[in-house]
Amino acid sequence: MNSTIQSIGLIMDGNRRWARQRNVSTEAGHKAGFNALKNIAKEFPRLKKEYGLEYVNIYAFSTENWKRDPEEVSYLLALFEEGMNELSAKLDEINVRVRVIGDLRRFPEHLQKKLLALEEKTLSNTEGTVAFALSYGGRAELVDSINRMISQGKEVTEEDVSKVLWTNDIPDPDIIIRTSGEHRLSNFLPWQSVYSEFFFPETLWPDFTVQDLEGIFAEYYTRERRRGT
Ligand code: FPP
């Protein structure tokens, strides 16, 4: 039996389908997804106590997402900013460390600054880590890391690779969940997920609740993780 669930990855998928089903705008779908995330985030302190959950990796924007309609991209960037502002305003109550993994250079400068400031401000917080994967691509992360290792000019081990990845201070996820019935990783944590347990609920992300998450945790406990042994 697996005792703690230390680290999870969430691929929040299905916002646009949720919107289409309701005949509302794509933006309304993303807003509903944002609210679903906030509702789950409120439960993190309890999830930490009950399951040992300390790291939540949230795939919010992939390198591929830059190719979407510019209006949709702008709306998403505004949502990220709103989320970061709300988090910043609550730092008196929330003792969580915020990490951003991804190629931030593609974001507008003011948003880059905000994200880096939030990372800096929360660096010593101790009640868990939320890592937002923003402009994230697993292959981009590997290429960037390999280039940094080449510049050091030595032969590398698996451990060396883990240490230079953007996620170097985040343990590999025990569980990766992708909502909306899609069974793909889509460039999310390819190196880190080799021993993760995968769950693909049919629920569209805006409808995903903490009860759904805990249902997955219950199923996880019934799986035997052998890590190749
Ligand atoms: C995937 O659904 C969702 C996204 C690309 C964006 C997710 C972002 C949020 C929920 C906002 C999060 C906010 C913060 C602060 C991190 P999709 O648009 O691909 O939907 P589809 O699969 O139905 O087309």
Side-chain angles (χ1 to χ4, degrees), residues 8-44 55-91 94 96-104 106-108 110-119 121-122 128-138 166-167 170 176-189 200-210 212-213:
I8 64 169
L10 294 174
I11 305 177
M12 309 183 292
D13 199 13
N15 292 352
R16 291 185 299 188
R17 275 167 283 165
W18 184 95
R20 272 200 297 277
Q21 282 176 5
R22 282 160 184 76
N23 230 346
V24 296
S25 65
T26 294
E27 284 75 15
H30 289 314
K31 183 75 183 183
F34 176 66
N35 289 332
L37 180 61
K38 285 205 286 186
N39 285 334
I40 293 175
K42 282 184 204 142
E43 303 288 333
F44 285 166
Y55 296 85
V56 181
N57 302 280
I58 296 166
Y59 203 11
F61 196 81
S62 69
T63 44
E64 291 73 27
N65 287 153
W66 288 111
K67 296 184 199 126
R68 290 196 179 184
D69 185 287
E71 272 188 29
E72 184 184 350
V73 171
S74 302
Y75 183 80
L76 280 169
L77 299 194
L79 263 191
F80 301 149
E81 189 162 1
E82 186 181 330
M84 299 310 140
N85 287 342
E86 287 183 17
L87 253 174
S88 291
K90 285 200 190 126
L91 286 180
I94 303 173
V96 86
R97 187 171 67 117
V98 176
R99 285 278 280 105
V100 183
I101 52 174
D103 183 1
L104 291 194
R106 297 183 73 175
F107 286 115
H110 76 279
L111 185 53
Q112 290 182 36
K113 280 192 183 144
K114 195 160 276 185
L115 293 165
L116 293 173
L118 194 53
E119 274 197 320
K121 237 199 274 178
T122 61
T129 296
V130 178
F132 293 105
L134 292 173
S135 190
Y136 175 85
W166 298 340
T167 55
I170 297 169
I176 292 191
I177 299 164
R178 181 177 190 149
T179 56
S180 87
E182 302 291 344
H183 295 214
R184 285 187 303 281
L185 262 185
S186 298
N187 216 359
F188 186 50
L189 305 178
F200 300 106
E202 292 292 324
T203 317
L204 302 177
W205 174 257
D207 290 328
F208 193 75
T209 63
V210 75
D212 297 319
L213 184 63

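Both ligands and their constituent atoms are indexed starting at 1 by order of listing. For the single chain, residues carry numbers from 1 onward in sequence order.
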Next on the checklist: One pair to check against side chain to side chain donor-acceptor pair (under 3.5 Å): N65 and S62. What are the steps and the verdict?
Outcome noted: CA-CA 5 Å; N65 287 153; S62 69; 3.3 Å; yes
Whether [X] lies under 4.0 Å from ligand 1, heavy atom:
X: S180; answer: no
X: R20; answer: no
X: D13; answer: yes

Checklist entry - From R178 CZ over to L10 CG, what is the distance, rounded to the nearest 0.5 angstrom? => result 12.5 Å
Item to check | OG1-CG distance between T26 and N15, expressed to the nearest 0.5 angstrom | outcome: 9.5 Å
Please state which protein non-hydrogen atom is closest to [atom] and give its distance, to 0.1 Å?
atom: atom 6 (C) of ligand 1; value: A60 O, 3.5 Å
atom: atom 24 (O) of ligand 1; value: R16 NE, 2.7 Å
atom: atom 14 (C) of ligand 1; value: F80 CD2, 3.7 Å
atom: atom 9 (C) of ligand 1; value: M12 CE, 3.7 Å
atom: atom 23 (O) of ligand 1; value: R17 N, 2.7 Å
atom: atom 13 (C) of ligand 1; value: F34 CD1, 3.5 Å

Next on the checklist: Taking side-chain hydrogen bond (donor to acceptor under 3.5 Å, both in side chains) as the definition, give me every residue that meets it alongside H183, ordered by chain and number, with sequence neighbours left out.
Outcome noted: none
Next on the checklist: Once side-chain hydrogen bond (donor to acceptor under 3.5 Å, both in side chains) is applied, do any residues pair with K38, and if so which ones, sequence neighbours excluded?
Outcome noted: E86
Next on the checklist: Test ring-ring contact (aromatic ring centres under 6.0 Å, His included) on W205 and F34; report intermediate values, then the result.
Outcome noted: CA-CA 9 Å; W205 174 257; F34 176 66; over 10 Å; no
Next on the checklist: Would you say that I176 contacts I11 through its side chain, given a criterion of any heavy-atom pair below 4.5 Å between the two side chains?
Outcome noted: yes
Output the list of atoms in ligand 1 that are nearer than 4.0 Å to some heavy atom of [X], sorted by atom number.
X: F132; answer: 16 (C)
X: G14; answer: 2 (O), 20 (O), 21 (P), 22 (O), 23 (O)
X: G33; answer: 10 (C)

Does any N/O atom on [X] come nearer than 3.5 Å to any N/O atom on ligand 1?
X: R68; answer: yes
X: N15; answer: yes
X: W18; answer: no

Item to check | Ion pair R17/D207, N-O distance below 4.0 Å | outcome: no
Checklist entry - Just heavy atoms, cut-off under 4.0 Å: does F61 contact ligand 1 by side chain, backbone, both, or neither? => result neither
Next on the checklist: Counting only heavy atoms closer than 4.0 Å, does ligand 1 sit against the backbone of N65, its side chain, both, or neither?
Outcome noted: side chain
Checklist entry - Between Y59 and F188, what is the ring plane arrangement, given parallel below 30°, perpendicular above 60°, and tilted in between? => result parallel
Checklist entry - Which of these, L87, V96, I94, sits in a side-chain contact (heavy atoms from CB on, under 4.5 Å) with V130? => result V96
Checklist entry - Is the count of non-hydrogen atoms from other residues, nucleotides or ligands lying under 6.0 Å from E82 atom CD greater than 12? => result yes
